[in-house]
2 protein chains.
Amino acid sequence: MKLPRAIASVNGKKSPLEDATIPILDRGFLFGDAVYEVIRVYQGRLWRGGEHFQRLRNSLQAARTSDIDMDGLANQVLDTIRVGAFTEAIAYIQITRGTAPRKHAFPQDTPPNVVYFVQEFADPYVEQRARGAAVLTQPDLRWQRCDIKSTNLLANVLAMQAAVEAGCIEAILYRPDGTLTEGTHTSFFGVRDGVLLTTPTSPAISPGITRQLVLQLSERTRIPVCEHSLTRDDLPRVSELFLTGTTTEVLPIVRVDDLRIGDGTPGPITRRLQQAYRDDIREFLAH
Amino acid sequence: MKLPRAIASVNGKKSPLEDATIPILDRGFLFGDAVYEVIRVYQGRLWRGGEHFQRLRNSLQAARTSDIDMDGLANQVLDTIRVGAFTEAIAYIQITRGTAPRKHAFPQDTPPNVVYFVQEFADPYVEQRARGAAVLTQPDLRWQRCDIKSTNLLANVLAMQAAVEAGCIEAILYRPDGTLTEGTHTSFFGVRDGVLLTTPTSPAISPGITRQLVLQLSERTRIPVCEHSLTRDDLPRVSELFLTGTTTEVLPIVRVDDLRIGDGTPGPITRRLQQAYRDDIREFLAH
């Protein structure tokens, strides 16, 4: 296994990522009884850290996992970034319901396990952000609380693998009625009749932090926007489509399955939002 | 953490269960990208071992995880039972898609991680099997491939915790249309108009091995039986109800939420099947 440079922490114990272990009785391992976040580090700084730690707290609450010292955790992560001299990186954080004998119900008096790692990140999407990429649609087989960012990700894994095998960058998931929900690890937006549309927040999707920022940037740049679900049948009438996500940022989609979107190149609204997104990061880094 | 005596194996490396660890980059830990089995050990022998290992293979195939040497694994587990002199025990087996950098799509050339433990088991259900127990109904929020015995169990955990907090032994899950599917870690049967009913196998439920045996025992003991789903609305017309499972065996349910089932004691069909189940185990152990 070849890894980018990375430092891990398991309940405060630091090690190279590949050496970090967790007991097999950890409930994250046995039950997927865990929630997580991925935060982008630009120039050594946590991008949208506050929102990510708040969402982590929301996930913990929704999963009824004990709260943790979130400020303390944020400081630990920042310390690891500093000590490791990370500049372009991701911080992955996972909190589990702790280590306990295997029984479905919550263990008593068991502290959560707090795991994170900071890993160098070489942006793999530079070319796709310029030219656009293809996605595959796949049935959305996930559970009904996708608003909880849990590690129950086997449905996401299988859909993403199908996408990769089809030469696509991501799978966009759809419900039995044809409603498109989101990607396996991204949100998505479409432009129909000049209006930017994205799936409304609900238990069916993850409340994407980049998604939320893009909604704000749309308003700031006077792009008409509406939180409204697209369906598979809408796709032929969509002039632009793009993904959003922590590492994906704003990434144009120019093909869905066998369907070309627009003229097959990134559209003007997507371009404006990509620019606005980069400007927002630049502004953040300037202060 | 106080544990019953247990020996674990992680890719062949044996240790006391509480000392066994797995890398945090294991995909079971990060993605719930893992399948599992729990096998009951009676008098040092694996009960229905063949069926469990076959189901494990089915889960691996459905999750597109590489197959493993299943006979070799079975022999390892049996060896651990013998070396550890386990008599009444459970064998827990979990296979993950291996250790790899965190990316949703399958890693290349990564062997699965094979984890198991054998643990002493003191049957906790003796009294409930005699007197009957209460269950709680809960919405079925799980994903749509519950036929894959994966570790994506957060929905099960949350429903089971609600049951425990209501003083119940298990949660029975229902779909939005009121159809009852199964328990969080058990199957269930009901008797309506003298006919034994249980949810038909489909991607919505786990293909329970005890469930399958009880279907066979019903035929052998001339109990009319039909694979047909019950709904919440059927419950007032159900004269008997029981759970089945590897450690649960056949366990009478005498209350669902606030509703008493039958006369509030285990019914005659349940009793016959409990006896037939014990007889089947006794016959197995005699040979």
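Of the two parts of A:Y36, only the side chain, counted from C-beta on, holds a non-hydrogen atom closer than 4.5 Å to a non-hydrogen atom of chain B. Looking at B:E165, the atoms closer than 4.5 Å to chain A (heavy atoms on both sides) all sit in the side chain, from C-beta outward. At a 4.5 Å heavy-atom cutoff, B:T110 makes no contact with chain A through either its backbone or its side chain. Neither the backbone nor the side chain of B:D109 comes within less than 4.5 Å of any heavy atom of chain A.
Most heavy-atom pairs under 4.5 Å with chain B: of the set A:D19, A:N156, A:V157, A:D33, this distinction falls to A:V157. Taking A:R27, A:R64, A:R145 one by one and counting their heavy-atom pairs under 4.5 Å with chain B, the maximum is reached by A:R64. For the options B:T184, B:L17, B:T151, B:N152, heavy-atom pairs under 4.5 Å to chain A are most numerous at B:N152. Chain B forms more heavy-atom pairs under 4.5 Å with one residue of A:D140, A:I90, A:V164, A:L158 than with any other, namely A:L158. Ranked by heavy-atom pairs shorter than 4.5 Å toward chain B, the options A:P23, A:G28, A:G32 are led by A:P23.
A 4.5 Å side-chain heavy-atom check between A:I93 and A:I95 finds at least one atom pair inside the cut-off. A:C146 is listed as a side-chain neighbour of A:E182, based on a closest heavy-atom distance under 4.5 Å. Here the side chains of B:V35 and B:N58 are not in contact, with every heavy-atom distance at 4.5 Å or above.
Rounding to the nearest 0.5 Å places CZ of B:R102 at 7.0 Å from CZ of A:F117. Taken from OG1 in B:T181 to CZ in B:R142, the straight-line distance is 5.0 Å, to the nearest 0.5 Å. If you take CD1 on A:I205 and OG1 on A:T199, they are separated by 5.0 Å, rounding to the nearest 0.5 Å.
When all heavy atoms are compared, the tightest approach of A:T246 to A:T210 is N-OG1, 3.5 Å. Here the closest heavy-atom approach between residue B:I22 and residue B:D26 is recorded as CG1-CB, 3.6 Å.
For the pair A:R97 and A:F106, the cation-pi criterion (under 6.0 Å, within 45° of the ring axis) is fulfilled.
By a heavy-atom distance cut of under 4.5 Å, B:A8, B:V10 are the residues of residues 6-14 of chain B near chain A, going up by number.
B:H185 and A:H104 have parallel rings, their planes meeting at less than 30° on a 0 to 90° scale where 60° marks the start of perpendicular.
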